[in-house]
Amino acid sequence: MESLGMVRGFSLIINMDREEEKIVSFPHRPRIKKLNIITAFLFLVFLYMLVVVYLYFHSDPIVRYEVAEGSLSENTNYRALVLREETGVGCNADGYVNYLAREGQRVAVGDTVYTVDETGLLKQYLESASLAGNTLTDRELTDFRNDITNFSGSFDPRHFSQTYDFKYTVKNAVLKLANTNLLNQLELSSPDGSSAFRFGYSALSGIVSYWQDGLEDLTPEQVTGDLFTSDTYEKKQLLSNELHNQGETVYKVATSENWSLMIPVEEEVGERLLKEDYVKVRFLKNLSESWAKVSLVRNGEELFAQLSLHDSMNTFVTDRFLDVQLILDEQTGLKIPNSAITNKEFFLLDENFVYHNDETNAYYVNRQSFSEAGTLTSSPVTIEIYSYSKENRQYYVDDSILSHNDILYAEDGQTTFVVNRVGSLPGVYNVNKGYADFKQIKVLYSNDEYSIVESLTDYGLRVYDFIALDADSVQSDEFIND
């Protein structure tokens, strides 16, 4: 029994050894870990972002511009000397003059313009009186606001003396209001019982002003170039509450709405203005505009353009010199930047070889081709028309469909036309549809920055169209990314 057990154990060991010999080894296959997949995906995303950023910083972005209606003109600035019909009025007595009419106000014959305080009592009262509170009406406040707004908008540091003119104008206006209020409240008498002040009534009808410069009687024939550059020009303000002698000028009256501007010009400019007959004048002081009739005045070797006006005189009654802008060759239409304009070449096709399909509303040509049998034939090819020249009876066709030396057939199949003539058109790239579509334009007027182009043309632009701001940044038919 013991021997039998040993034999069985030995056999078991032998069998186990044989089973081990049957074990077959295979090549090891590495596992794809989930972590490696995520790493690769993130790497690709990072690489894509690098490419996008690179392209963004190394390519010119396509900026859109919305087409709008506008106008352009050839504007030239001048300094003009003002001539008007104005008459000085002398004081009717010795004393302190106080103004009751506002500068720039129209007065009729018999209206009260000023008072003369012969005794100085009114002057003393004004100096000692305390006028507390706001006694101005809404109309008076509005006038003050308008004066301040006009001055601030037209102020030019090169003519700083305008500041003093404005100061005196406001001062006179304030004193005038104060005087009016006091005269409504007071009855002043001199010690002997006579009236302490006199009224100054206007003997003329016109616009009142309170300044002098000695050029009131200047005529167009007396104007010289020195008046525009002289440093000796002096403007004297006539102020309220100042002592005047009888007969001294205390105010002026501009008696006519007709006035004129004198501008020194060169011969060529003068001839051009004379041909215009009437020109539009823009006053830089308040940006108002008016039409003026042109005439030329020659004083010796100096030439002046006289611009005659019939309105707005009261607005500038305090000015002897005005900065103006002459608006010439004004054009209106679609206003676009010059950077959007480019030139593109097209094939020129005779109108006798271009046909219109009424069903599809498309244009086509019959182009020569070869059939499968190798024989010559013609087939219709749809084309896009960009312009038509009535003078030459030719169509401008994009060169992306046709090629040089293509042969076109007429409908009769006999007459042929060889595509080889080329012409160029000015235009812009319309990007309404998401790609750069060339549109012809007709430029009416240009300056350094913008052009005015004709609207409502057959193949051109429309208001509110979007175009590429920089024509050099796009190519024809290029897809435009938002």
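Small disclaimer: the values here were computed from a predicted structure and weren't measured.
The line from OG1 of T87 to CZ of R84 is 12.0 Å long, rounded to the nearest 0.5 Å. We find the CG-CZ distance between D350 and F417 to be 6.0 Å, quoted to the nearest 0.5 Å. In this structure, CG on N420 lies 10.5 Å from CD1 on I407, to the nearest 0.5 angstrom. Interatomic distance, S202 OG to D111 CG, rounded to the nearest 0.5 Å: 7.0 Å. Rounding to the nearest 0.5 angstrom, the gap separating the CZ atom in F347 from the OG atom in S400 is 9.5 Å. Residue N366 holds its CG atom at 12.5 Å from OG1 of T416, rounded to the nearest 0.5 Å.
Using a 4.0 Å cut-off between a side-chain N of Lys or Arg and a carboxylate O of Asp or Glu, E351 and K390 do not qualify as a salt bridge.
Not counting sequence neighbours, the partners of Y364 by the ring-ring contact (aromatic ring centres under 6.0 Å, His included) test are Y355. The side-chain hydrogen bond (donor to acceptor under 3.5 Å, both in side chains) search around Q368 returns Y409, not counting sequence neighbours. T415 meets the side chain to side chain contact (heavy atoms under 4.5 Å, CB included) test with F353, A410, D412; sequence neighbours excluded. For V45, the side chain to side chain contact (heavy atoms under 4.5 Å, CB included) partners two or more places apart in sequence, or in a different chain, are F41, M49.
Within the structure, the salt bridge (Lys or Arg N to Asp or Glu O under 4.0 Å) test picks out the following pairs touching residues 291-308 (sequence neighbours left out): E267-R298, D277-K293. The salt bridge (Lys or Arg N to Asp or Glu O under 4.0 Å) pairs that include a residue from residues 395-406 are K344-D398, R367-D406, where partners are two or more places apart or lie in different chains.
Using a 4.5 Å heavy-atom cutoff, the side chains of K285 and F316 are in contact. Looking at V428 and T342, their side chains never come closer than 4.5 Å, going by heavy atoms from C-beta outward. Looking at heavy atoms from C-beta onward, E449 lies in side-chain contact with N447 at the 4.5 angstrom threshold. Annotation: side chain of L461 is in contact with side chain of N430 (closest heavy-atom distance under 4.5 Å). Here the side chains of S451 and I341 are in contact, with some heavy-atom distance below 4.5 Å. Under the 4.5 Å side-chain criterion, counting only non-hydrogen atoms from C-beta, I207 is not in contact with V253. The side-chain heavy atoms of D323 and F283, taken from C-beta on, include no pair separated by under 4.5 Å. Counting only heavy atoms from C-beta outward, the side chains of I383 and V354 approach each other to under 4.5 Å.
Shown here for S389 and Y396, the closest heavy-atom pair between the two residues is CB-CE1, 4.2 Å. When all heavy atoms of A436 and V431 are compared, the closest pair comes out as CA-CG1, 4.4 Å. Heavy-atom minimum distance, I452 versus Q331: CG1-O, 3.9 Å. In terms of heavy atoms, E86 sits closest to E216 at OE2-CA, 3.6 Å. Of all non-hydrogen atoms in V317 and G104, the two that sit nearest each other are CG1-CA, 3.9 Å. Closest heavy-atom contact between A340 and I467: CB-CD1, 3.8 Å.
Remark: side-chain polar atoms of N392 are not paired, donor with acceptor, to backbone N or O of Q394 under 3.5 angstrom. Side-chain atoms of D465 come within 3.5 Å of backbone N or O of R462 as a donor-acceptor pair. Judged by distance alone, the side chain of S312 and the main-chain N or O of T315 form no donor-acceptor pair under 3.5 Å. Under the 3.5 Å distance criterion, the side-chain polar atoms of E276 are left unmatched by any main-chain donor or acceptor of L273. T332 contributes no side-chain N or O that, together with a main-chain N or O of G70, makes up a donor-acceptor pair within less than 3.5 Å. The main-chain N or O of E268 is never found under 3.5 Å from a side-chain atom of E271 such that the two would form a donor-acceptor pair. Side chain of N299 to backbone of V223: a donor-acceptor contact under 3.5 angstrom is found.
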| task | List the steps, then state whether side chain to side chain contact (heavy atoms under 4.5 Å, CB included) holds for V422 with H404. | result | CA-CA 10 Å; V422 176; H404 274 284; 3.8 Å; yes

| From CA spacing to verdict: ring pair (Phe, Tyr, Trp, His ring centres under 6.0 Å), Y210, Y99 | CA-CA 9 Å; Y210 302 120; Y99 297 114; 3.9 Å; yes

| request: Apply the test side chain to side chain contact (heavy atoms under 4.5 Å, CB included) to residues Y429 and K439: give CA-CA distance (whole Å), side-chain angles for both, the deciding distance (0.1 Å), then the verdict. | output: CA-CA 6 Å; Y429 286 110; K439 294 292 184 181; over 6 Å; no

| query | Passes side chain to side chain donor-acceptor pair (under 3.5 Å), S387 versus Q440? Steps please. | reply | CA-CA 7 Å; S387 183; Q440 180 200 5; 2.7 Å; yes

| Full working for salt bridge (charged side-chain N to carboxylate O under 4.0 Å, His left out) between R272 and E266 | CA-CA 10 Å; R272 181 181 177 186; E266 302 291 338; over 6 Å; no

| message | Using the rule given for side chain to side chain contact (heavy atoms under 4.5 Å, CB included), can you reason through V82 versus W259, listing the C-alpha separation, both sets of side-chain angles and the distance that settles it, and then say yes or no? | response | CA-CA 7 Å; V82 179; W259 59 301; 3.6 Å; yes

| request: Go through the steps for D437 and Y435 under the test side chain to side chain contact (heavy atoms under 4.5 Å, CB included), then give the verdict. | output: CA-CA 6 Å; D437 183 18; Y435 62 91; 3.8 Å; yes

| query | Would K235 and D213 satisfy salt bridge (charged side-chain N to carboxylate O under 4.0 Å, His left out), going step by step from the backbone distance to the final call? | reply | CA-CA 5 Å; K235 182 177 181 179; D213 63 357; over 6 Å; no

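The local environment of CD in E221 is crowded, with over 12 non-hydrogen atoms from other residues, nucleotides or ligands closer than 6.0 Å. More than 12 heavy atoms of other residues, nucleotides or ligands sit less than 6.0 Å from atom CD of E289. Other residues, nucleotides and ligands contribute at most 12 non-hydrogen atoms within 6.0 Å of the CG atom of D217. A 6.0 Å sphere centred on NZ of K280 holds more than 12 heavy atoms belonging to other residues, nucleotides or ligands.
Side-chain polar atoms of D311 and S290 form a donor-acceptor pair below 3.5 angstrom. With 3.5 Å as the limit, one finds no donor-acceptor pair spanning the side chains of E103 and Y251. Looking at H310 and N258, their side chains do bring a donor and an acceptor atom within 3.5 Å of each other.
For the pair K252 and W211, the cation-pi test (distance below 6.0 Å, angle within 45°) is passed.
Annotation: F346 is in aromatic contact with F438 [ring centroid separation under 6.0 Å].
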